[in-house]
Amino acid sequence: MDSNTAQEIMEAHGIKPTANRIVVLRCLASAERPMSLSELEYKILSIDKSGIFRALALFKENHLVHVLEDGGDGVRYELCRSHDGDTDDDQHAHFYCERCRRTFCLDYIAVPQVDLPEGYEARSVNYMIKGVCPDCARR
């Protein structure tokens with residue numbers, strides 16, 4: 001993803017593009033799987049941890065990232081492919097490998113619709129399947 005595309009995406013989500021936010025967004029866009037804050041910090045050496053975290057918090061608030069509780073050591077972040085800053089229209093399942101502790105997107109498996117009782121309002125969904133990934137199963 002180039003800087004112009006990153007700026008357009010942020011503007012579509014109501015986020016003012018800054019140099020740091022563009023770097024964080026581009027890193028998430030190039031990731032092959034959801035990333036933890038420490039993984040992002042390792043990849044983005046030009047921004048300190050608090051700067052990365054502030055960008056992620058703003059992205060979450062504007063539906064630009066999904067925050068996943070990975071079932072292991074914390075949370076992971078992935079770029080939301082929704083079309084605006086008001087809703088997440090790309091919710092999908094994730095798989096957490098209990099051996100290698102990696103989290104994988106299962107883009108082709110939609111999160112099932114859950115009918116909540118009256119008065120409840122869903123704000124996010126975290127559909128995590130836990131087990132052993134194919135790489136670990138072969139070992």
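We count residues from 1, following the sequence as given.
The CD1 atom of Ile9 sits 10.0 Å away from atom CD1 of Ile15, with the distance rounded to the nearest 0.5 Å. One distance of note links CD of Glu69 with OG1 of Thr103; it measures 11.5 Å at 0.5 Å rounding.
Residues passing the salt bridge (charged side-chain N to carboxylate O under 4.0 Å, His left out) test with Arg102 are Asp135, sequence neighbours excluded. The salt bridge (charged side-chain N to carboxylate O under 4.0 Å, His left out) search around Glu98 returns none, not counting sequence neighbours. Under the salt bridge (charged side-chain N to carboxylate O under 4.0 Å, His left out) criterion, Glu121 pairs with Arg123, sequence neighbours left out. Partners of Arg99 according to the salt bridge (charged side-chain N to carboxylate O under 4.0 Å, His left out) rule, which considers only residues two or more places apart in sequence or in another chain, do not exist here. Listed by chain and number, the residues in a side chain to side chain contact (heavy atoms under 4.5 Å, CB included) with Leu116 are Val114, Tyr120, Ala122 (sequence neighbours excluded).
Between Met10 and Phe59 there is a side-chain heavy-atom pair separated by less than 4.5 Å. Within the 4.5 Å cutoff, side-chain heavy atoms of Leu28 are placed close to those of Leu56. By the 4.5 Å heavy-atom criterion applied to side chains, Thr5 and Arg26 are not counted as neighbours. Counting heavy atoms from C-beta outward, Val75 and Leu68 have side chains that stay 4.5 Å or more apart. Here the side chains of Arg101 and Tyr96 are in contact, with some heavy-atom distance below 4.5 Å. Residues His94 and Pro34 have side chains in contact (heavy-atom distance under 4.5 Å, counting atoms from C-beta outward).
Side-chain atoms of His66 never come within 3.5 Å of backbone atoms of Glu78 as a donor-acceptor pair (strictly under, hydrogens ignored). Within the 3.5 Å criterion, the main-chain N or O of Lys16 finds a donor-acceptor partner in the side chain of Arg21.
Clustering ILVMFWY residues whenever any of their side-chain heavy atoms sit less than 4.5 angstrom apart, transitively, puts Val24 in a cluster other than the one holding Leu45. Hydrophobic clustering, with ILVMFWY side chains joined whenever heavy atoms are under 4.5 angstrom apart, keeps Tyr42 apart from Ile52. Following chains of ILVMFWY side-chain contacts shorter than 4.5 Å, one cannot reach Val132 starting from Phe95, and the two form parts of different hydrophobic clusters.
Among all heavy-atom pairs drawn from Cys27 and Ser30, the shortest one is O-OG, 3.0 Å. Nearest approach of Ala6 to Ile22, heavy atoms of both residues: CB-CG2, 4.1 Å. Taking every heavy atom of both residues into account, Leu79 and Met1 meet most closely at CD2-CE, 4.3 Å. Cys97 and Cys133 get closest at one heavy-atom pair: SG-N, 3.3 Å.
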Check against side-chain contact (heavy atoms from CB on, under 4.5 Å), Val65 and Cys80
CA-CA 5 Å; Val65 295; Cys80 179; 5.5 Å; no

#### Entry: From CA spacing to verdict: side-chain contact (heavy atoms from CB on, under 4.5 Å), Leu64, Leu58
CA-CA 8 Å; Leu64 187 53; Leu58 183 64; over 6 Å; no

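No more than 12 heavy-atom neighbours from other residues, nucleotides or ligands sit within 6.0 angstrom of CZ on Phe53.
Applying the salt bridge (Lys or Arg N to Asp or Glu O under 4.0 Å) definition to pairs two or more places apart or across chains, those involving residues 39-51 are Arg33-Glu39, Glu39-Arg76.
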